[in-house]
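Scope of the values below: all heavy atoms of this structure, side chains included, with no hydrogens, waters or symmetry mates. Each residue takes its place number in the sequence, starting with 1.
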Amino acid sequence: MAAKQKIMWYATQAREAYPYYQHEAIGYNYRMSNVCAGIGRGQMTVAEDHISHHRHIAQMYKEAFEGVKGITFHDEQEGMESNFWLSTILLDEDLKVKGEEQAYAEAVQGAVGGAAGVVHGGGSVHTDCEPNRNVEAMRLALDKEQIESRPLWKPMHKQPVYKDAPAYVNGVSEQLFRQGLCLPSGPCVKDDDVKRIIDTIVNAIEG
């Protein structure tokens, strides 16, 4: 990797080229300029509107997937109120998704899901902890329709850069990562967009 590209790789999170966050080195996020900081400060004036929007989108997903066998929407727990910054679902391990035979057929060459910055082209297709084949197939089905989705975050103790660090785990984080998918839910996502996303997911299920 050329020196300039390597610097940018470190400065933009040091990601490997996988459809999820995979790190073999410690990276940073040095992209917030004064202009971006000012925009972020201005966004605080519409924070409540954005939270209301996210909660509305989450409710649409929740209602749509209640009747879909094999898909579980991550809802808020009793006594809690989520801002639903992300709307996420779990796919049962035995849920069959069209195109599973093509999942992980080739190595990812660049950033996935609108991620900015430089990524390392690792070249390998698999890692020791990755989303199930049906989750990757669903991500690809959505991507084919130009719908951005991503797996849940990979557990920190499964990142190569932390392979020698102590970890106190019970297997839950790995299972969530293997089964989970993040769906579009930002301020620009409209009701019609959500309906199209839901239709795409339902139509991608075998049978």
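- Across all their heavy atoms, K62 and D75 have their closest contact at NZ-OD2, 2.9 Å.
- Within the cation-pi definition used here (under 6.0 Å to the ring centroid, within 45° of the axis), R15 qualifies as a partner of Y21.
- Side chain to side chain, E174 and H157 meet the donor-acceptor criterion of an N or O pair below 3.5 Å.
- Atoms OG and CE, from S185 and M60 in turn, are 12.5 Å apart once rounded to the nearest 0.5 Å.
- Checking E100, E206, Q179 one by one against N134, the side chain to side chain contact (heavy atoms under 4.5 Å, CB included) holds for a single residue, E100.
- Of the possible polar contacts, none joining the H54 side chain to the S87 backbone as a donor-acceptor pair under 3.5 Å is found.
- In this view, T88 and H74 satisfy the side chain to side chain donor-acceptor pair (under 3.5 Å) rule, not counting sequence neighbours.
- Atom NZ of K190 is separated from atom CZ of R196 by 14.5 Å, given to the nearest 0.5 angstrom.
- Here R178 does not pair with E136 in a salt bridge; the nearest charged N to carboxylate O distance is not below 4.0 Å.
- With no hydrogens or angles considered, no side-chain donor-acceptor pair links Q159 and K154 at under 3.5 Å.
- Atom CG of residue N203 and atom CD1 of residue I198 lie 11.5 Å apart, to the nearest 0.5 angstrom.
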**Prompt:** Please walk me through it: do L181 and L142 pass side-chain contact (heavy atoms from CB on, under 4.5 Å)?
**Reply:** CA-CA 11 Å; L181 194 65; L142 289 164; 4.0 Å; yes
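- Between E66 atom CD and T72 atom OG1 the span is 11.0 Å, to the nearest 0.5 Å.
- Qualifying side chain to side chain donor-acceptor pair (under 3.5 Å) partners for D193, counting only residues two or more places apart in sequence or in other chains: none.
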**Prompt:** Given H56 and D191, is the side-chain hydrogen bond (donor to acceptor under 3.5 Å, both in side chains) satisfied, shown in steps?
**Reply:** CA-CA 9 Å; H56 167 69; D191 288 16; 2.9 Å; yes
**Request:** Begin with the C-alpha distance, continue with both residues' side-chain angles, and end with the deciding distance and a verdict on side-chain contact (heavy atoms from CB on, under 4.5 Å) for D92 and I71.
**Result:** CA-CA 6 Å; D92 288 357; I71 295 181; over 6 Å; no
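- Through direct or indirect side-chain contacts shorter than 4.5 Å among Ile, Leu, Val, Met, Phe, Trp and Tyr, V172 is connected to L90, L152, L176.
- The closest donor-acceptor contact from the side chain of H23 to the backbone of Q13 lies under 3.5 Å.
- How far CG of D143 is from CD1 of I147: 9.5 Å, rounded to the nearest 0.5 Å.
- If you chain together hydrophobic residues whose side chains sit under 4.5 Å apart, I89 and L86 never meet in one group.
- A 6.0 Å sphere centred on CD of Q77 holds no more than 12 heavy atoms belonging to other residues, nucleotides or ligands.
- Side-chain atoms of Y20 and T127 include a donor-acceptor pair closer than 3.5 Å.
- Atom CZ in R139 sits 10.5 Å away from atom CZ in R150 (nearest 0.5 Å).
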